[in-house]
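This report refers to the structure that appears directly beneath it.
In what follows, every chain begins at residue 1, and chains take the letters A, B, ... in the order their sequences are listed.
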Amino acid sequence: MEIEFIPVDYDYFDFQGRNYVEVIGRTGDGKRAVIIDSFEPYFWAILKPGISEKKTEEIMRRIMVIKVEAVNRITRVLKTELHDKKFLGKDVQAIKVVISNYKDGHAIADQMGWDEIEKRREYDISLLSRYIMDKKILPLNWYKVSGEVLSNSEEFGGIDASLDTDIVLKAEKFERMKEQRDFEPRILAFDIEAEEFEIGKGSILMISLYGKNFHKVLTWKNCPIKQDFVECFEDEAEMLEKFAEYVKSYQPDILAGYFSDGFDLPYLKARAEKNKVRLNLGLDNSQPKFSRGVVTSASIFGIVHVDLFRFISSVFSQYLQSETLSLNEVASELLGEKKHEFDFSKLGQMKEGDWHDFFAYNLQDSALTWKLADKLWQDMLEFSKVIQEPLFDITRDRMASHVENHILHNLYRYNEIAEKRPLHDEIALRRGLGKYEGAFVLQPQPGLYENICFLDFTSMYASVIVTYNLSLSTLADKGHEVDLQEGTVHFSKEKGFFPEMLEEIIKKRKQYKKEYKENSTNLLKARSNAYKLLANAAYGYQGFFGARYYCREAAAATAALARKSILETIEKIKKQGFEVIYSDTDSIAFLLGDKSEKQVLEILKKLNAELPGIMELELEDFYKRGIFVSKRTTGEGAKKKYALLNEKGKIKIRGFETVRRDWCSLAREVQSKVLGSVLKTGKSDDALEYVKGIIKKLQKREIEKEELVIKSQLTKPISEYIAISPHVTAAKKMLELGLPIRPGMMIEYYVAETKAKEKGKLLVRERIKLSNEKGEYDIEYYLGHQIIPAVGNILEVFGINLKEMAEKKKQMKLGEF
DNA sequence: GTTCGAGTCGTACC
DNA sequence: ACGGGTACGACTCGAAC
């Protein structure tokens with residue numbers, strides 16, 4: 001039988017001691033299929049140079065007799081083959097060691113610690129990645145698959161009967177189809193509401209499900225209420241059973257949640273255990289599995305469980321404006337839609353109408369999750385295709401893993417054997433090396449400037465890596481010379497696979513970006529974005545201690561050459577008669593002076609012609625005005641803090657408190673308005689009047705407390721803090737009140753007024769109250785620590801000393817402005 | 001008792 | 001453990017006076 005098939009998920013099982021891969025996906029006519037494919041795992045033994053043919057044959061014989069006895073299998077070496085390979089760009093002879101079970105690869109490799117063998121490699125590549133690499137059964141690509149249909153077959157212990165799918169096929173041949181049509185996955189979103197925040201502590205009150213034409217809330221609480229989407233059950237156990245049934249009957253390709261790795265699925269598991277209910281969600285009726293690790297991941301056999309929070313936080317967050325990655329904020333930004341409001345303090349004494357609201361709230365969470373999944377599907381799809389890893393991993397891995405996986409899946413093109421993952425000691429060693437010198441930042445002169453041009457280097461660090469061939473495999477004794485603090489290093493002129501792959505990534509990014517401009521489809525946007533993210537992460541990858549291709553020298557050289565490049569460019573711009581006012585890493589700001597924009601563009605062309613390799617400088621924008629301020633500590637110009645007004649009247653604010661989430665909203669808003677006024681008028685008059693008005697309001701307590709709440713993230717467990725700052729004290733307070741505290745939470749508090757005799761004696765942390773705690777705010781604190789600091793150094797540019805003004809008024813006992 | 005600088009922490013920039 | 005370094009600024013805390 002031959003079917004059209006698209007792989008969505010991968011898994012594997014052991015049968016008679018051997019590994020078999022299960023590729024799970026859809027057929028061309030939308031049926032669910034599992035393809036069973038045999039697979040022979042292997043790893044490499046790299047020989048020392050100059051080993052004789054005879055000796056090599058002897059070693060291969062020695063390898064052939066190695067075996068490992070595990071509990072219920074004996075793993076043997078099936079085959080050895082001698083190959084000419086490359087390792088870190090150098091020619092090597094390597095023995096391919098094919099074994100009968102992947103799980104014992106490491107143990108077999110361990111038995112080969114012989115002198116003649118220089119290195120053993122690739123036993124640390126996961127079986128499924130290995131399968132995808134070798135057989136090229138790429139995720140989310142269409143294939144024509146032929147094979148034998150298993151139906152009530154005895155094969156593999158009767159596996160087909162235990163799988164809840166339309167087709168089980170024992171694969172004979174896969175052929176990637178020339179025509180790759182669209183694939184629309186069936187997505188089901190879910191969300192739970194529970195009595196307690198702590199996993200499994202209280203019961204689950206309701207579960208919502210949201211798919212195409214499928215909206216449900218399952219509950220066992222307050223059942224008289226009739227809302228058409230609410231379905232009532234006897235108890236929690238029955239609700240849980242029904243949840244599993246609904247998921248199964250919907251037959252989703254993707255089950256989507258938001259923070260469901262960390263909350264919803266672990267909670268469901270805990271309650272199912274408590275109620276002795278089996279959550280047999282998998283196509284093989286297995287329950288969700290939880291991987292151990294720093295962060296647990298929850299997987300379901302045959303259904304890709306996607307925790308959108310994970311995907312967004314690890315890949316997309318840097319391009320979002322949202323200050324937190326809460327479902328509410330992310331949905332607002334990406335969908336323009338919010339969560340419903342519900343007051344959880346009502347949970348103790350719910351009235352009829354409250355349940356009504358609660359059910360609607362629960363359904364909306366799933367609706368938002370579904371819409372987010374739908375919106376991000378194209379991005380997940382393209383990431384999976386570009387990196388060639390399964391969707392499950394794509395939505396959980398961080399950028400470093402993505403870069404590494406992309407490399408691993410492309411090494412075959414260079415005939416390269418993969419470097420190993422660093423072990424604990426190696427990681428400790430790398431981390432112990434400390435920092436190397438990074439980017440150059442030009443200290444600006446505080447002031448208000450007019451007619452500013454910003455230029456920046458496109459994907460600067462990636463371009464530097466490509467242009468100068470910086471990588472582990474090209475680190476050499478001679479070649480390009482780069483001076484670092486630790487000494488001089490060299491990189492060979494012969495192109496290495498890392499820079500070469502990166503060059504290809506940059507080229508593709510350019511190509512798809514161009515195509516997107518001509519034809520703005522979501523697909524092209526997602527594809528160009530995937531390449532952009534990969535390109536931008538390549539530099540960080542080489543400096544990352546956990547990387548297989550970690551190369552501190554390459555990372556340090558990248559930063560050094562970027563510094564050199566930007567400094568040279570600054571000099572060239574100065575030579576053209578411009579005043580350079582600012583520069584940070586890959587951008588340069590200068591004043592137009594008496595030159596026109598057209599002249600600047602001509603100079604830009606000239607600068608580009610002189611740049612080496614693929615280095616490229618582009619126009620970022622022209623700005624009508626810009627303001628740079630002084631540091632509060634020393635009075636010199638502050639780096640990474642400026643505001644600009646472009647010719648279209650749009651304001652861009654960098655680094656100021658306005659864009660910092662740990663300042664109260666009043667200070668942020670006041671500062672933002674002051675910056676806007678000053679940039680638009682070029683004067684401080686209006687701004688000063690406005691600030692005076694705000695201060696008066698504050699002194700009269702006419703400002704709402706909500707505007708004075710300070711938010712700060714708890715980044716680790718309370719016990720790990722050495723310094724007890726105000727937000728840690730606030731978190732302790734919450735803990736005492738029995739409120740849920742966990743790392744990653746935003747802690748909200750305000751600084752409250754204290755008795756006169758204690759004034760000045762108490763630390764800030766001794767004066768804080770939780771945001772919803774009753775009390776009056778401390779006017780002096782907010783004046784002196786939030787409002788005046790936020791606008792002081794902006795007004796200072798115009799010769800106004802707000803702090804002095806405020807102190808004088810205070811001394812004159814006028815009390816207010 | 002006050003002053004000051006080092007250290008911790010959170011957050012932003014690129 | 002799950003890119004990098006640079007930078008600002010608040011707050012705490014202990015040494016120095």
Discussion item. Please classify the nucleic acid contact of A:Thr715 as base, sugar-phosphate, or nothing, using heavy-atom distances under 4.0 Å.
Written reply: sugar-phosphate
Practice prompt. Hey, can you tell me if A:Tyr582 and A:Phe628 have their rings parallel, tilted or perpendicular (30° and 60° cut-offs)?
Written response: tilted
Item to complete: Using a 4.0 Å heavy-atom cut-off across all strands, classify A:Glu437 as base, sugar-phosphate, or nothing.
Response: sugar-phosphate
Worksheet item: Between A:Glu486 (CD) and C:dG5 (C1'), how many Å, whole number?
Response: 13 Å
Practice prompt. Using a cut-off of strictly less than 4.0 Å between a heavy atom of the residue and any atom of DNA chain B, enumerate the qualifying residues of residues 555-567 of chain A by number.
Written response: none
Worksheet item: If you look at every strand shown and take non-hydrogen atoms under 4.0 Å, does A:Gly655 touch a base, only sugar-phosphate, or nothing?
Response: sugar-phosphate
Worksheet, complete the sentence: In whole angstroms, the gap separating P of C:dG4 from CD of A:Gln318 amounts to 13 Å
Worksheet item: Should the ring pair A:Tyr549 and A:Phe497 be called parallel, tilted or perpendicular, given that the plane angle runs from 0 to 90° and is split at 30 and 60?
Response: perpendicular
Worksheet item: Any side-chain heavy atom of A:Leu533 within less than 4.5 Å of one from A:Tyr319?
Response: yes
Worksheet item: Using a cut-off of 4.0 Å on non-hydrogen atoms, how would the nucleic acid contact of A:Tyr721 be classed: base, sugar-phosphate, or nothing?
Response: sugar-phosphate
Discussion item. Taking A:Glu616 first and then A:Lys510, would you say they form a salt bridge - that is, a charged N and a carboxylate O separated by under 4.0 Å?
Written reply: yes
Worksheet item: Any chance the side chains of A:Ser297 and A:Arg310 put a donor and an acceptor closer than 3.5 Å?
Response: yes
Response to the item:
Contacted region of DNA chain B by chain A, from 5' end to 3' end of the hits, cut-off under 4.0 Å to heavy atoms, spans B:dT8 to B:dC14
Worksheet item: Which is true for A:Arg660 with a 4.0 Å heavy-atom rule: it touches a base, it touches only sugar-phosphate, or it touches nothing?
Response: base
Worksheet entry | Beyond-backbone contact of A:Lys564 with A:Phe440, side-chain heavy atoms, under 4.5 angstrom | no
Discussion item. In whole Å, I'd like the distance from the CD1 atom of A:Ile794 to the P atom of C:dG9.
Written reply: 12 Å
Worksheet item: What is the distance from CZ of A:Arg431 to P of C:dG3, rounded to the nearest Å?
Response: 11 Å
Discussion item. Categorize A:Tyr436 for me: base, sugar-phosphate, or nothing, with a 4.0 angstrom heavy-atom threshold over every strand shown.
Written reply: sugar-phosphate
Response to the item:
The side chain to side chain contact (heavy atoms under 4.5 Å, CB included) partners of A:Pro422 (sequence neighbours excluded) come to A:Glu426, A:Ile427, A:Arg430
Worksheet item: Any ion pair linking A:Glu437 and A:Arg563 (charged N to carboxylate O, less than 4.0 Å)?
Response: yes
Discussion item. Checking A:Thr458 against A:Glu618: is there a side-chain donor and acceptor pair closer than 3.5 Å?
Written reply: no
Practice prompt. Return the 5'-most residue of the pair A:Arg421, A:Lys640 with respect to DNA chain C, ranking by each residue's nearest nucleotide.
Written response: A:Arg421
Discussion item. I need the OH-P distance between A:Tyr541 and C:dG5, as an integer number of Å.
Written reply: 16 Å
Item to complete: Please determine if A:Glu122 and A:Lys420 form a salt bridge, counting it only when a charged side-chain N lies under 4.0 Å from a carboxylate O.
Response: no
Discussion item. Using a heavy-atom cut-off of 4.0 Å across all strands, would you classify A:Ser401 as base, sugar-phosphate, or nothing?
Written reply: nothing
Practice prompt. Could you tell me how the ring of A:Tyr539 sits relative to the ring of A:Tyr461: parallel (under 30°), tilted (30 to 60°) or perpendicular (over 60°)?
Written response: perpendicular
Worksheet entry | For atom CG of A:Leu433 and atom P of C:dG3, their distance in whole Å | 19 Å
Discussion item. Go through it in stages, so that I can follow the logic: the residues are A:Leu442 and A:Asp584, the test is side chain to side chain contact (heavy atoms under 4.5 Å, CB included), and I'd like the CA-CA distance, side-chain angles, deciding distance and then a yes or no.
Written reply: CA-CA 6 Å; A:Leu442 179 79; A:Asp584 185 350; over 6 Å; no
Worksheet entry | Side chain A:Asp393, main chain A:Glu389, donor-acceptor under 3.5 Å | no
Item to complete: Verify the distance criterion only: is there a donor paired with an acceptor across the side chains of A:Glu657 and A:Gln671 at less than 3.5 Å?
Response: yes
Item to complete: Answer with base, sugar-phosphate or nothing: what part of the nucleic acid does A:Gly543 contact at a heavy-atom distance below 4.0 Å?
Response: sugar-phosphate
Discussion item. Near DNA chain B, counting only heavy atoms under 4.0 Å, which residues of residues 456-471 of chain A show up?
Written reply: none
Response to the item:
B/S/- along nucleotides 10-15 of chain C (protein heavy atoms under 4.0 Å) is SSSS--
Discussion item. Does A:Gln713 form a side chain to side chain donor-acceptor pair (under 3.5 Å) with A:Thr715? I'd like the steps, not just the answer.
Written reply: CA-CA 6 Å; A:Gln713 195 185 190; A:Thr715 58; over 6 Å; no
Discussion item. Nearest whole Å is fine: how far is C:dC2 P from A:Leu423 CG?
Written reply: 17 Å
Worksheet item: Contacts to DNA chain C from residues 528-537 of chain A, heavy-atom cutoff under 4.0 Å, which residues?
Response: A:Ala537
Worksheet item: In terms of side-chain heavy atoms, does A:Glu620 have a donor or acceptor partner in A:Tyr623 at a distance below 3.5 Å?
Response: yes
Worksheet item: Which part of the nucleic acid, if any, lies within contact of A:Lys435, taking any heavy atom under 4.0 Å across all strands shown: a base, the sugar-phosphate backbone alone, or nothing?
Response: base
Worksheet entry | Integer-rounded Å distance: C:dC8 P and A:Gln671 CD | 16 Å
Worksheet item: Looking only at side chains, do A:Asp483 and A:Thr488 share a donor and an acceptor under 3.5 Å apart?
Response: yes
